[in-house]
2 protein chains.
Amino acid sequence: MPEPGPHGARVTIHDVARAAGVSRQTVSNAVNNPERVHPDTLERVRSAIDDLGYHPSSSAQSLRSRRSGAIGLELHTLGTHNATIAPVLTALSVRAAPHGCHLVPFGSASGAPMLEGYRTMWAGRLVDAFLLADTHHGDPRPPWLEAQGIPYASFGRVWDDPTFTRWVDVDGAAGTRAAVEHCVAQGYRTIGFLGWPEGSVVGDDRLAGWRAACEEHGAGVGPVGRAVQDLDAALAAAVPLVASLSRRDAVVCASDVLALGVHEACVRAGLEPGRDLGIVGFDGSETADMHHITSVAQPYEAVAEEALRLVRAAMRGEDAPASGSLLTPVLSPDRSTTTP
Amino acid sequence: MPEPGPHGARVTIHDVARAAGVSRQTVSNAVNNPERVHPDTLERVRSAIDDLGYHPSSSAQSLRSRRSGAIGLELHTLGTHNATIAPVLTALSVRAAPHGCHLVPFGSASGAPMLEGYRTMWAGRLVDAFLLADTHHGDPRPPWLEAQGIPYASFGRVWDDPTFTRWVDVDGAAGTRAAVEHCVAQGYRTIGFLGWPEGSVVGDDRLAGWRAACEEHGAGVGPVGRAVQDLDAALAAAVPLVASLSRRDAVVCASDVLALGVHEACVRAGLEPGRDLGIVGFDGSETADMHHITSVAQPYEAVAEEALRLVRAAMRGEDAPASGSLLTPVLSPDRSTTTP
DNA sequence: CCTAACCATTTGATCGTTCAAATGACACCC
DNA sequence: GGGTGTCATTTGAACGATCAAATGGTTAGG
């Protein structure tokens, strides 16, 4: 294997040029704009590149082109952020390379000002753009990024600015709708819902999809329960909900944790999930998988791909799309709705 | 706020030099080696830096210094890798900045950890070093990295090479030992163990800690069950295990999923976790937290810090430490061992 | 035949920083 | 006064690539 010199000296574009008997620029063209180079020359340059094992230095490219090719992504330990973002991050990491870029996760030390991490990442142009997660009402990041002219895209709508369209989100209503349709197809009768307390935009969206689908299928709108994202609360809310339902009814839930609560309430009531009561969760998490609960799975791969597309378009200064990207989640059936 | 020009022109070291009436190099020194600069000059340069809002370009620094300051970390979707690595990754992201470096996660397209990703990351010197996770017997990465002279450190021992000491790992035996001691202190009598099938190095280590602690405390070595990392298997193995135990006995488990299996077997046997049977899991995962199961928590923050220290030492070409770093996990008590 | 147009390739400059060596200033000491 | 040091600062030269403009050679058009 042709290795760089013993001193760890890198093979530069210069070395290739000398070996192929052409100039630096021709080598550069052979790599970046092959159509500008005569086929014979191209062949010669390419074999020189292979022989010497040349790879362009990304530092040099960054300096000259004024682009680092990196995308910043903030990580933190609050709430369920970690579990939500981890699969997306993995998908992003896999797909970044084909897009010619890479990710740089960074964390805000607890107590530090919200924007501090973004500011330092951007200051040295360590990144060309940012991906936002966990956007919420009153989020200071979008207006700040906008004011600085920093390109960015977002997981989840940017609630304060309806004109911003560089976001990817999962169509919660379509997810619960699919859940209801699946339940109907499996022969469950009345379909209830266990959601979060009113006021959560995501939660209300998922509830709306369930209600609309119930009405459409004439299955009758079942009872609704509410609980925060916590197993104890879910169980407490699920007990009366399950009691109010009959055999072969079902419950669609706003999350897998809530679904697990229903699952447990079901077992405690002496019923078998799936056979006696259908249960559908939301997110396709490890939890749902472990307990064999049918769940509406987040399309992580598609989300990652779309996010990369959006942020790269922003980096290139392209026009924003006409509207945000609502991706449809896919139901992944398990025993909690398929046991006969 | 002093902004760069309207054309987005960056403030360079040159601009600062002109504003402060000194040369480029003096500015560079003022930033990187303040002791080389006369206090008065330093003050003048610093205020010029603040006035103009200068921040050194990381691309230019990388090119000149031949160091990117980035550390590569492979992510993939196999097994429980994601849940295990996510909290570490978050901790690493937070702590990287103070260390003057940043992470670059990358994914292998195929899914299996192969060398391709490492090769391309290294080829363009996008990263200076790597952090390995999920090392196993016959892992091709350590010998390859070693042969290429690429600096790296590892989460988990490098099994094939006992002379390699740049690793951080969690002391599983110390964790289960702490679990047993906690159980004894809480007044549980016989303490059983539910582990993975024999042959897993990590699993055997955790079992050894449990056994040693049992013998020391004269509590008598309780029964042992085995199951793969899966809730159904755990439950199946837990049922006979629980049946063989008496009231106020306890079970220490090699993982939280196994512990959840014991939890469920316990409930099905009409017993209340904590009051009738102590249960301790391992990893401090969301699962344990959700079900209020006492668990031996991975010291993620310490692991991340130590990993950064090791990999940076490797980058600087420092001598490897005399031995690897075994960190002690901390038991986090919950209802499954504290209900009176 | 002369000019324009085109093609493949080369040359010089530049990106923003840091390294290595040179400079000038001042104090010290025989 | 001339050598020897030390200190603060400056100068020139990289680092490795790409951009923009220039080069020489060939072909087509009037």
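Keep in mind the model is a prediction, meaning the values are calculated, not measured.
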Problem set entry | Separation between CZ of Arg157(A) and OG1 of Thr165(A), rounded to the nearest 0.5 Å | 13.0 Å
Problem set entry | CD on Glu74(B) to CE on Met114(B), rounded to 0.5 Å | 9.0 Å
Problem set entry | Flag, side chain of Asp128(A) to backbone of Gly69(A), donor-acceptor distance under 3.5 Å | yes
Problem set entry | Euclidean distance, atom CD of residue Gln61(A) to atom C1' of dC15(D) [Å, nearest integer] | 14 Å
For this session: Apply the test side-chain contact (heavy atoms from CB on, under 4.5 Å) to residues Gln148(A) and Leu145(A): give CA-CA distance (whole Å), side-chain angles for both, the deciding distance (0.1 Å), then the verdict.
Result: CA-CA 5 Å; Gln148(A) 309 289 315; Leu145(A) 292 166; 5.9 Å; no
Problem set entry | Closest heavy-atom pair and its distance - Ala129(A), Val311(A) | CB-CG2, 3.7 Å
Exercise. Rounded to the nearest 0.5 Å, how far does OH of Tyr118(A) lie from CZ of Phe106(A)?
Worked result: 4.5 Å
Problem set entry | salt bridge (charged side-chain N to carboxylate O under 4.0 Å, His left out) contacts touching residues 96-105 of chain A (sequence neighbours left out) | none
Seminar exercise, completed: Sorted by chain and number, sequence neighbours left out, side-chain contact (heavy atoms from CB on, under 4.5 Å) with Ser57(A) holds for Arg10(A), Ser59(A), Ala60(A)
Listed pairs, N/O of protein and of nucleotides 22-28 of chain D, under 3.5 Å:
none

Exercise. Taking Ser28(B) for the side chain and Arg24(B) for the main chain, is one N or O donor matched with an acceptor at less than 3.5 Å?
Worked result: no
For this session: Compute both the distance and the angle, then confirm whether Arg119(B) meets the cation-pi test with Trp122(B): under 6.0 Å from the six-membered ring centre, within 45 degrees of the axis.
Result: no
Problem set entry | Span of DNA chain C, from the first to the last nucleotide whose atoms fall under 4.0 Å of chain A heavy atoms | dA8(C) to dG16(C)
Exercise. Roughly how far apart are Leu89(B) CG and Leu131(B) CG, rounded to 0.5 Å?
Worked result: 10.0 Å
For this session: Give me the bend of the helix from dC1(C)-dG30(D) to dC30(C)-dG1(D), using the axes of the five pairs at each end, rounded to 10°.
Result: 60°
For this session: Under 4.0 Å between any heavy atoms, over every strand shown, what does Ser23(A) touch: base, sugar-phosphate, or nothing? Just pick one.
Result: base
Problem set entry | Nearest-0.5 Å distance that lies between atom CE in Met121(A) and atom CD1 in Ile150(A) | 12.5 Å
For this session: Scan residues 24-40 of chain A against DNA chain C and write down, sorted by residue number, each residue with any heavy atom closer than 4.0 Å; if none is found, say none.
Result: Arg24(A), Gln25(A), Thr26(A), Val37(A), His38(A)
Problem set entry | Whole-Å distance separating the CZ atom of Arg64(B) from the P atom of dG12(D) | 16 Å
